[in-house]
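First the structure, in the form of C-alpha cells, and then the observations on it.
Just so it is clear, the structure is predicted and the values come from calculations on it, not from any experiment. The sequence lines fix the lettering, A, B, ..., with proteins before strands; numbering per chain opens at 1.
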Protein chains: 2
Amino acid sequence: MVTALQKGLPDLTSRQFTLLLHVYLKDQAHTVRGLAEDLNMSKPAVTRALDRLGKYDFVRRKTDENDRRSILVQRTIKGSVYLREFGDMVEQYAEEV
Amino acid sequence: MVTALQKGLPDLTSRQFTLLLHVYLKDQAHTVRGLAEDLNMSKPAVTRALDRLGKYDFVRRKTDENDRRSILVQRTIKGSVYLREFGDMVEQYAEEV
DNA sequence: TAGCATCATTGCGATTGCGGAACGTTTGGG
DNA sequence: CCCAAACGTTCCGCAATCGCAATGATGCTA
C-alpha cells in the first residue's frame, strides 16, 4: 500500500478495495444488492464505492437487460492492471521482509 | 477483509492497516517520525493511527528513555493474534477462489 | 392496468480521517 | 543557563464516508 501511494496509484478505502477484489476474484454476476450482502455493507456504501471505482475506470456499470432494475458490475482492463500492479508490489515487499 | 468485517474484527483504513503491518513485519525501532517517513504519511496521521490501533490494543506507546521526546511503538499479543487471524482468512479465501 | 415489491440512487446529518500550523516538552549546543 | 532544534500531539478547516430514509424507475401479479 505504501508503494501504491508513492506511485500515485489511488489509495482506496478498505471497503472499496475489498469490493474491487471481490468483483475480480469471484466469478459471478455482481449486482449492488448482491455485493451489499456478500460484503456485509449497506447498499448506499456499495453505490458510492462503485462511483469511486468507476471514476478510475476500475469497474463499469451495465444495466441488466433481463431486469432493468438491476445493474451488473463489469471488470475493465484498467482494473486488471491495477490489481496486477498491486499484486506485484505485495510480492516484491514480501521478498524484502 | 470481507471475513474480517463479518467476524466483527475492526475494519481499519488502508493507512492504519499498512502501519500495523509495517510495525510487525519490519524488525526495528519504530517512532512516529520514522513511521511517517517510511510510510510516506504525515505525523498527525501516524499519531491518530496509533490512537486507533491502541484502542484495540494492537500496539502500545512507550516513551524512549534514551530520548524522552520520542516514543517507541511496541507490539502486543492482541496485534499478533489479529494479524495471524487475518493471514489465515486470506489463505482460506485464496483456496476458496 | 393498478398497485405493490424490488432495485439502485440520492439527500441528509453525523462521524471520521486528513494535512498544515501551532503548541508543549525534551534535548543538546554555545 | 538559554535558546534553537526535534519530537509527538492537538487544533482547525476540509473532504470523504457512512447509515438511514426517501425517491425514481422497473418488474410482477391479480
Let me know, please, whether A:E65 or A:S42 comes out on the 5' side of the other along DNA chain D by nearest nucleotide.
A:S42

Spacing of A:D64 atom CG relative to C:dT9 atom C1', expressed in whole Å
17 Å

Can you measure A:L35 atom CG to C:dA8 atom P for me and round it to whole angstrom units?
9 Å

When you measure from the side chain of B:T31 to the backbone of B:S70, do you find a donor-acceptor pair of N or O atoms at a distance under 3.5 Å?
no

Identify which nucleotide among C:dG19, D:dT26, C:dA8 has an atom closest to any side-chain atom of B:A45, counting heavy atoms from C-beta outward.
C:dG19

How many Å lie between CZ on A:F17 and P on D:dT17, as a whole number?
16 Å

From D:dC18, C:dT9, D:dT26, nucleotide with atom closest to A:R61 side chain
C:dT9

What's the CZ-P distance between B:R69 and C:dG24, to the nearest Å?
18 Å

Would you call B:R61 and B:D51 a salt bridge, taking side-chain N to carboxylate O under 4.0 Å as the test?
yes

Pairwise distance OG1(A:T13) to CZ(A:R52) - rounded to 0.5 angstrom:
7.0 Å

Is A:R48 touching bases, backbone alone, or none of the nucleic acid, heavy atoms closer than 4.0 Å?
base

Students often get this wrong, so: under 4.0 angstrom with heavy atoms, is A:Q16 touching a base, only sugar-phosphate, or nothing?
sugar-phosphate

Whole-Å distance, B:K43 NZ to C:dA22 C1', equals 12 Å

Base, sugar-phosphate, or nothing for A:T47, non-hydrogen atoms under 4.0 angstrom?
base

Which part of the nucleic acid, if any, lies within reach of A:R33 when heavy atoms closer than 4.0 Å are counted: base, sugar-phosphate only, or nothing?
sugar-phosphate

Where the side chain of A:T13 is concerned, which of D:dC20, C:dT25, D:dT17 is the nearest nucleotide?
D:dT17

Testing the 3.5 Å rule here: is there a donor-acceptor pair between the side chains of B:Q74 and B:R60?
no

Check whether the ring centres of B:F17 and B:F86 lie less than 6.0 Å apart, and answer yes or no.
yes

Please report the distance, rounded to the nearest Å, between NE2 in B:H30 and P in D:dG8.
13 Å

What's the CE-P distance between A:M41 and D:dT17, to the nearest Å?
11 Å

From CZ of A:R52 across to C1' of C:dG17 the rounded distance in Å is 13 Å

Think B:R15 has a side-chain N or O under 4.0 angstrom from the OP1 or OP2 of C:dG19?
yes

